[in-house]
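The next block holds one structure in the form of C-alpha cells; read it before the comments.
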Amino acid sequence: MRNKYVAVLDIRSTEMTAVVGERGVNKTFIIKSKYTCTYDGYAEGELLDIPNFTAAVTDVVKSTLSAMNGIKTFYVGIPGEFLKLVNTDRVLSFPSAKKITLADCRNLVDAAKPPVEENWMTIRNSCLYYVLSDKRKVIYPVGAISDSIQGKFCFFKCRNSFVGCIMDAFKKFKDIQTIRLIPSNYAEAMYIVEPERRDECAVLFDFGFISSTYSVICGNGILYSESFSLGIGHIAVYLMEQLDIPYQVAMTFLSTVNLNAKEKLGDNAECIFEGKTYTFPTVELRDLIREALDGICETIEECRQSYTGRNIEGKPILVTGEGIKVVRGAIEHIAGRLVRTLETVAPNVPYYDKPRFSSLFSLLDTALNDASAD
C-alpha cells in the first residue's frame with residue numbers, strides 16, 4: 001500500500017467499520033474501500049461477547065485486505081469506555097532566555113508523563129497549549145524565545161484487556177505488522193471541532209447507540225471526558241419494556257415519532273411486524289421517549305457538574321454520533337431540558353456529512369496526519 005493510504009478501524013458500540021482512504025483536495029477524503037459489520041457491542045467498559053467481537057474484527061479486516069493489497073499498518077479507534085484521561089501540567093526552566101527547540105518539547109513531555117498504572121497502557125498524549133515566560137499561550141512553541149516553557153498535557157490510557165482483545169483479533173493477519181491505537185474522543189475533538197472553538201474551550205457530546213461520551217476540549221487536547229453506557233438503543237429498550245413490544249417495533253416508533261409535532265388527541269402511530277399490527281397513541285409514545293431522553297439529560301448534567309476546570313457556562317453543546325438523528329425533535333428536547341444551546345456537528349464530507357460518520361472520518365483524519373508525520 002502506498003504511503004498516502006491508511007487503513008482505519010472505527011469501533012462503535014454496536015457496529016464497526018474498516019476503511020482505506022487517502023487525503024483528497026481541500027482536506028476531503030478519497031475512500032478506497034469501506035466495510036461495516038454489526039456485533040454485540042460493549043457496556044460498562046466491557047465487551048459483551050469477546051468471541052463475537054473477534055469475529056467482527058476478522059470480518060471487516062479480511063474484507064479490507066481482500067480489496068487492497070500491501071496494507072502493513074492498521075489504525076484502530078479506541079472507544080471512550082475503554083479509556084482513562086490523565087491531565088498533567090509541567091514547567092521546564094532554562095538559565096536564560098533561549099530559542100525553544102523540539103527537543104525541549106520532548107523533554108517536557110517526558111517530565112509530564114503520569115505514573116505507570118497496572119492494567120492500563122498509555123496510547124497517546126497531546127499538549128493542550130504551552131505557556132511562555134511572558135505568559136503567552138501558544139500551540140506550537142518551537143522557535144519562540146523564552147526562559148521557561150510550561151505545558152498542559154492530556155495522556156490517554158487504554159485498558160490492557162481491551163488492547164489484548166484487539167491484538168488477538170489481528171493475530172491471524174500475518175501481513176499486518178503494526179497496530180496503532182487512537183483515542184476516538186481525541187480524534188473527534190481535533191477533527192469535528194474547529195480550532196477557534198477549541199482555543200476558548202468547547203463541549204462535545206457523542207450520542208451513541210449503547211455508549212455516549214461527554215468531553216470538554218481545549219486547544220489541542222481534552223480537559224475532561226466521561227463515557228457512559230446510555231444511548232439511543234436504551235430509549236428503544238425503554239419503549240419495549242413499557243409497551244411490551246418487540247425491539248424492532250420500538251426502533252420503528254423512534255424513527256417515526258416527531259417530538260416537535262403538535263399534540264393531537266386521537267393521533268396514533270402504527271407498525272406492522274411479522275404480520276402483527278402495533279398501534280399506540282402518538283401522545284403516549286412522545287411522553288415515553290421524552291422520559292427516556294430525560295435520563296440521558298440527567299447524565300449530561302452530572303458530567304457538567306463533575307467538570308471543575310475552565311468555565312464552560314454559556315458554551316453550546318456540540319452534538320454528534322449516530323443517536324442524535326434517530327428521533328426527530330430530540331436535539332430540541334435535550335436543549336430545553338438542559339437550558340443550553342445544542343448544535344449538531346458532522347464531517348464536512350459530501351455524502352458522509354452526517355453525525356453517525358463523525359468518529360470514522362475523525363479517525364481517518366488523525367491516521368492520515370500521523371502517517372504524513374512518520
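A quick note: this is a predicted structure, and the numbers were derived from the prediction, not measured.
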At what distance, to the nearest 0.5 angstrom, does [atom1] of [X] lie from [atom2] of [Y]?
X    : Y    : atom1 : atom2 : result
K262 : T282 : NZ    : OG1   : 15.5 Å
N87  : L128 : CG    : CG    : 6.5 Å
L47  : D40  : CG    : CG    : 10.0 Å
I123 : I179 : CD1   : CD1   : 13.0 Å
S359 : I182 : OG    : CD1   : 11.5 Å
Y247 : M240 : OH    : CE    : 8.5 Å

Just checking, any donor-acceptor pair under 3.5 angstrom between side chains of [X] and [Y]?
X    : Y    : value
S225 : S215 : yes
E22  : Y5   : yes
T366 : N369 : no
E270 : T277 : no
S96  : D147 : no
S211 : E81  : yes
T17  : T36  : yes
S33  : T64  : no
H333 : N260 : no

On the 0 to 90° scale, with breaks at 30° and 60°, tag the [X]-[Y] ring pair as parallel, tilted or perpendicular.
X    : Y    : answer
F205 : F228 : parallel
Y42  : Y39  : tilted
F153 : Y130 : perpendicular
F253 : F280 : perpendicular

| message | Salt bridge or not between K98 and D104? Use side-chain N to carboxylate O under 4.0 Å. | response | yes
| E15 bridged to R12 by N-O distance under 4.0 Å | no
Is atom [atom1] of [X] surrounded by more than 12 heavy atoms (other residues, nucleotides or ligands) closer than 6.0 Å?
X    : atom1 : result
R337 : CZ    : no
K325 : NZ    : no
N107 : CG    : yes
D110 : CG    : yes
E313 : CD    : yes
E200 : CD    : no

| task | May I ask you to check whether F29 and F361 place their ring centres under 6.0 Å from each other? | result | yes
Can you confirm whether [X] sits close enough to [Y] that some side-chain heavy atom of one is under 4.5 Å from a side-chain heavy atom of the other?
X    : Y    : value
I166 : V163 : no
N185 : L83  : yes
T54  : T58  : yes
I71  : D175 : no
L318 : I217 : no

Determine whether a donor-acceptor pair (N or O, by modelled atom type, separation under 3.5 Å) exists between the side chain of [X] and the backbone of [Y].
X    : Y    : result
R136 : V131 : no
T320 : V345 : yes
T88  : A112 : yes
R290 : L259 : yes
R198 : V193 : yes
S126 : N220 : yes
R159 : F82  : no
R286 : N258 : yes

| Could you go step by step and tell me if I149 and I100 meet the side-chain contact (heavy atoms from CB on, under 4.5 Å) rule? | CA-CA 8 Å; I149 179 173; I100 304 299; 3.9 Å; yes
| request: Test salt bridge (charged side-chain N to carboxylate O under 4.0 Å, His left out) on D199 and K137 and set out the steps. | output: CA-CA 10 Å; D199 287 346; K137 288 184 179 180; over 6 Å; no
| said: Please give me the minimum heavy-atom distance between L230 and S212, naming the atom from each residue. | reply: O-OG, 2.7 Å
